[in-house]
Amino acid sequence: MVKKKGGEIIAESLIKEGIDHVFGICGHGNIGLLDCLYDVRDEVRLVSPRHEQTAVHMADGYFRVSHKPAATLTSTGPGSANQIMALAVAQTDSSAIYSITANVPTSQFNRGPFQELNQHHQADFNNVIKPVVKRSFQPSRVEMLPLAMRQAAMTMTTGRPGPVNLDIPYNLFQEEAEVTEEVAGSSFGKRRSGASNEDIAKVVDTLLVAERPVIFIGHGVTLSEASAELTALAKRLNIPVISSPNGMGCMNMSDPLSLGFIGRNGAYQANQAGRHSDVVLAIGVRFDDRSASSWREGYSWNFPKTKLIHVDVDHAEIGRNYLPDMAILADAKAFITQALSELDRRSVGEGDRLAGWHADIAGWKAQWDKFIAPGFETHSSPIRPERIVADCRKVLPDDAIISLDSGIHHNWFMQFWEARQPQTMLNTWGYSGMGFGPSSILGAKLAAPDKVCVSVSGDGGFTMVPHVLCTAVEYNIPVVWVVWNNFAWGAIRDLQYAYFDGREYGTGFYEGENKTPYNPDFAAWARASGVAGYTVTRSQDFAATLEDAVKLNKPALIDVHVDANIRPPSTGSWELPPLKPKEPVFGEPWKP
């Protein structure tokens with residue numbers, strides 16, 4: 001038994017758990033812990049952005065790229081409350097984050113001291129944070145810290161990963177106690193549940209007789225780091241792969257077997273393959289509304305007429321939206337490895353048994369390519385959205401990391417981006433919080449300093465977190481921000497045009513009685529912060545400007561003026577009850 005300060009226990013535990021970054025902001029409630037972190041500054045780097053939301057998004061981006069958790073540190077009250085939205089993004093997108101929040105000292109519990117929440121329970125912040133974390137721990141004595149830290153690390157990294165919270169009264173940081181040390185709890189990728197031999201045999205039997213099979217992958221495949229295994233399985237059986245945005249890149253999207261995204265803003269061939277398939281092997285996916293055309297039969301999928309095999313590490317997702325014919329609780333990598341072993345046992349090799357199916361898909365893709373080609377070939381000012389996606393793909397290397405915010409730009413990238421490697425496309429998907437894209441790219445760059453890191457965000461989203469410019473300069477984080485400037489909350493304005501006869505209200509950015517389109521000069525804003533700033537209004541100039549910004553190897557921002565009146569061509573559906581959903585712009589629903 002060794003006598004230690006609580007802050008020393010926390011600092012040592014971070015090192016033991018392999019957590020080498022803390023993204024946090026100082027406050028009176030955590031100065032006692034900051035002093036202990038000072039002693040381990042060579043092993044645990046403190047990065048202090050200008051807002052707690054950005055701190056969590058940075059930790060989120062850091063995890064998505066490295067699959068190593070980072071910690072966040074916030075003070076009592078408002079600072080900790082500022083993380084809630086970002087933690088919700090991390091939770092719904094399965095990112096492990098070690099959120100350390102300070103609370104009022106135990107000697108003042110329930111007395112209503114500065115920044116205590118005590119309406120229903122003393123020091124009640126952990127009830128604020130519980131809905132957006134896997135679990136909130138609240139040790140009230142120094143002796144409780146070692147176990148709480150180990151259990152928190154174990155909780156965030158096992159099963160479906162996600163954020164956890166340690167809500168710690170700030171007297172514990174400096175108080176001392178004799179404690180028994182705990183072993184490390186972090187276990188990301190070390191516990192892989194598998195399927196039964198009987199289930200694996202049934203899956204292989206089903207796939208080998210299917211006439212129109214598809215594999216649908218999501219973030220579970222990315223988190224399991226099963227890219228090589230997935231590619232091997234798809235090629236072995238010659239089965240096309242549809243991907244959710246968080247699964248993009250697990251199979252190189254330039255491969256003919258990769259059909260892209262599905263849903264309202266999916267690729268036509270993906271929706272056609274989904275609704276014409278006879279067997280769907282879904283691995284690590286949720287079948288959320290955007291990837292299932294709001295579960296409208298015939299628009300993306302045709303369950304239960306189509307046979308569904310659903311594999312997921314989270315039992316709550318299996319059967320949530322579609323009842324599977326086969327439900328398999330298993331880690332993606334373990335399951336795919338088992339399936340490949342079963343194919344080896346049966347000596348099943350590659351073949352062209354599905355030639356007719358692939359011919360159908362090739363025909364659908366050719367129709368789609370012909371339909372979208374003009375948009376990619378046209379130069380204009382303001383710039384057509386397709387050109388931004390295409391030029392990013394042309395300029396950026398295959399291992400470049402892009403982060404995308406919530407907004408109309410994301411719909412265009414979902415539809416047309418070709419991710420070449422896993423963990424290179426960061427999306428705010430489940431909770432869709434604005435500010436994720438410009439913030440998370442900072443954490444991504446810290447996790448992968450040798451890779452090009454580019455944020456693409458809307459003008460509205462970037463304006464929510466402009467302080468990211470300061471953090472990039474302070475810590476010399478050479479990222480590039482592309483601000484998709486269409487002078488509007490474009491995605492919502494489009495809904496007003498689609499459903500409310502163009503009665504635009506509260507969705508455009510204007511100045512004065514003449515309603516002149518207004519935005520700040522983003523490039524000047526960047527330069528005022530010490531960041532290189534560019535403005536691009538002609539499509540002919542964007543690719544070269546992006547190339548220059550990347551070569552700088554310094555923080556840079558490109559303000560790109562994009563045509564707000566060109567919308568992604570829907571190939572599926574999305575429903576906003578009770579409004580009547582729109583039909584696809586290209587293609588039509590099909591039921592067997």
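The structure presented is a predicted model; accordingly, all values stated were derived computationally and were not measured.
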### Query
Taking all atoms of both residues into account, what is the closest heavy-atom pair of Thr74 and Glu52, and its distance?
CG2-CG, 3.5 Å
### Task
Anything under 30° is parallel, anything over 60° is perpendicular, the rest tilted; go ahead and classify Phe522 against Trp525.
parallel
### Summary
Note: Thr231 and Cys250 closest approach over all heavy atoms is OG1-O, 3.6 Å
### Summary
From the list Ser439, Ser455, Ser457, side chain to side chain contact (heavy atoms under 4.5 Å, CB included) partner of Ser403 resolves to Ser455
### Query
Within a strict 4.5 Å, meaning less than it, do heavy atoms of the Asp289 and Trp295 side chains meet?
yes
### Query
In terms of ring plane angle, is the pair Trp417 and Phe413 parallel, tilted or perpendicular, where the classes change at 30° and 60°?
tilted
### Task
From the options Lys68, Arg150, Glu17, select the one residue that forms a side-chain hydrogen bond (donor to acceptor under 3.5 Å, both in side chains) with Ser186.
Glu17
### Query
Which pair of non-hydrogen atoms, one from Asp288 and one from Ser291, has the smallest distance, and what is that distance?
OD1-OG, 2.9 Å
### Message
Would you say Gln415 and Asn265 are linked by a side-chain donor-acceptor pair, where the criterion is simply a distance under 3.5 Å?
### Response
no
### Message
Given 3.5 Å as the limit, does a donor-acceptor pair link the side chain of Trp481 with the main chain of Pro438, or not?
### Response
yes
### Task
Examine Phe287 together with Phe303 and report whether their ring centres are nearer than 6.0 Å.
yes
### Message
Tell me if the NE2 atom of His28 is crowded by more than 12 foreign heavy atoms within 6.0 Å.
### Response
yes
### Query
What distance separates Asn246 CG from Arg286 CZ, expressed to the nearest 0.5 Å?
8.5 Å
### Task
Mind listing the closest non-hydrogen atom pair of Leu426 and Ala444 along with its distance?
CD1-CB, 3.9 Å
### Task
Report yes or no: do Ser95 and Asp60 form a side-chain donor-acceptor pair below 3.5 Å?
yes
#### Entry: Ser75 side-chain N/O to Gly29 backbone N/O, donor-acceptor pair under 3.5 Å
yes
### Task
Using modelled atom types only, decide if a donor and an acceptor are shared between the side chain of Asp405 and the backbone of Met434 within a distance under 3.5 Å.
no
### Query
Is any side-chain heavy atom of Leu446 closer than 4.5 Å to a side-chain heavy atom of Tyr475?
no
### Task
Go through the steps for Trp301 and Phe216 under the test side chain to side chain contact (heavy atoms under 4.5 Å, CB included), then give the verdict.
CA-CA 11 Å; Trp301 308 105; Phe216 179 37; 3.6 Å; yes
### Query
Under 3.5 Å, side chain of Arg493 to main-chain N/O of Gly508, donor-acceptor pair present?
no
### Query
Below 4.5 Å, heavy atoms only, C-beta onward: do Asn126 and Asn103 meet side chain to side chain?
no
### Query
Under 4.5 Å between any side-chain heavy atoms of Glu317 and Arg160, yes or no?
yes
### Query
Between Ser224 and Asp331, do the side chains contain an N or O donor and an N or O acceptor separated by less than 3.5 Å?
yes
### Task
Using only heavy-atom distances, determine whether the side chains of Ser293 and Ser573 contain a donor-acceptor pair under 3.5 Å.
no
### Query
Once you round to the nearest 0.5 Å, how far does CZ of Phe416 lie from CD1 of Ile388?
13.5 Å
### Query
So, Asn165 versus Thr101: side-chain donor-acceptor pair below 3.5 Å or not?
yes
### Message
Test side chain to side chain contact (heavy atoms under 4.5 Å, CB included) on Leu223 and Gln423; report intermediate values, then the result.
### Response
CA-CA 9 Å; Leu223 289 166; Gln423 293 156 255; over 6 Å; no
### Message
Students often mix this up, so state it plainly: with edges at 30° and 60°, are the rings of Phe487 and His561 parallel, tilted or perpendicular?
### Response
perpendicular
### Message
When you measure from the side chain of Lys134 to the backbone of Thr155, do you find a donor-acceptor pair of N or O atoms at a distance under 3.5 Å?
### Response
yes
### Query
Taking atom CG of Leu396 and atom CZ of Arg420, what is their separation to the nearest 0.5 Å?
10.5 Å
### Query
Would a distance-only check, ignoring hydrogens and angles, find a side-chain to backbone donor-acceptor pair under 3.5 Å from Gln496 to Gly506?
no
### Query
Do side-chain atoms of Lys582 reach the backbone of Glu575 as a donor and acceptor pair under 3.5 angstrom?
no
### Heavy-atom side-chain contact between His57 and Met85 under 4.5 Å
yes
### Message
For a side chain to side chain contact (heavy atoms under 4.5 Å, CB included) check, start with the C-alpha distance between Cys392 and Val454, then their side-chain angles and the critical distance, and finish with the verdict.
### Response
CA-CA 9 Å; Cys392 283; Val454 177; 5.6 Å; no
### Heavy-atom side-chain contact between Glu504 and Tyr497 under 4.5 Å
yes
### Query
For the side chain of Asp459 and the backbone of Asn486, is there at least one donor-acceptor N/O pair under 3.5 Å apart?
yes
### Task
Report, as yes or no, whether the 6.0 Å neighbourhood of atom NZ on Lys554 holds more than 12 heavy atoms from other residues, nucleotides or ligands.
no
### Message
Would the distance check show the side chain of Thr157 and the main-chain N or O of Ser187 forming a donor-acceptor pair, the cut-off being under 3.5 Å?
### Response
yes
### Message
Could you measure the distance from the OG atom of Ser48 to the CG atom of Leu73? Nearest 0.5 Å is fine.
### Response
9.0 Å
### Task
Can you see which heavy atom on Ile129 is nearest to which on Ser99, and at what distance?
CD1-OG, 4.1 Å
### Task
Test Ile168 against every option in Asn30, Leu145, Leu33 by the side chain to side chain contact (heavy atoms under 4.5 Å, CB included) rule and name the one that passes.
Leu145
#### Entry: Least distance between heavy atoms, Leu166 atom then Met149 atom
CD1-SD, 3.9 Å
### Task
Nearest 0.5 Å please: distance from the CZ atom of Phe188 over to the OG1 atom of Thr158.
11.0 Å
### Query
With no hydrogens and no angle check, is any side-chain donor or acceptor of Ser80 less than 3.5 Å from a backbone partner on Thr76?
no
#### Entry: Close side-chain approach of Glu386 to Asp391, heavy-atom, < 4.5 Å
no
### Query
Below 4.5 Å, heavy atoms only, C-beta onward: do Arg64 and Ile401 meet side chain to side chain?
no
### Message
Which label fits His21 and Tyr62: parallel for a plane angle under 30°, tilted from 30 to 60°, or perpendicular past 60°?
### Response
tilted
### Message
Please verify the inter-ring angle class for His410 with Trp429; under 30° counts as parallel, over 60° as perpendicular, anything in between as tilted.
### Response
perpendicular
### Task
Enter the distance from Phe63:CZ to Ser94:OG here, rounded to the nearest 0.5 Å.
8.5 Å
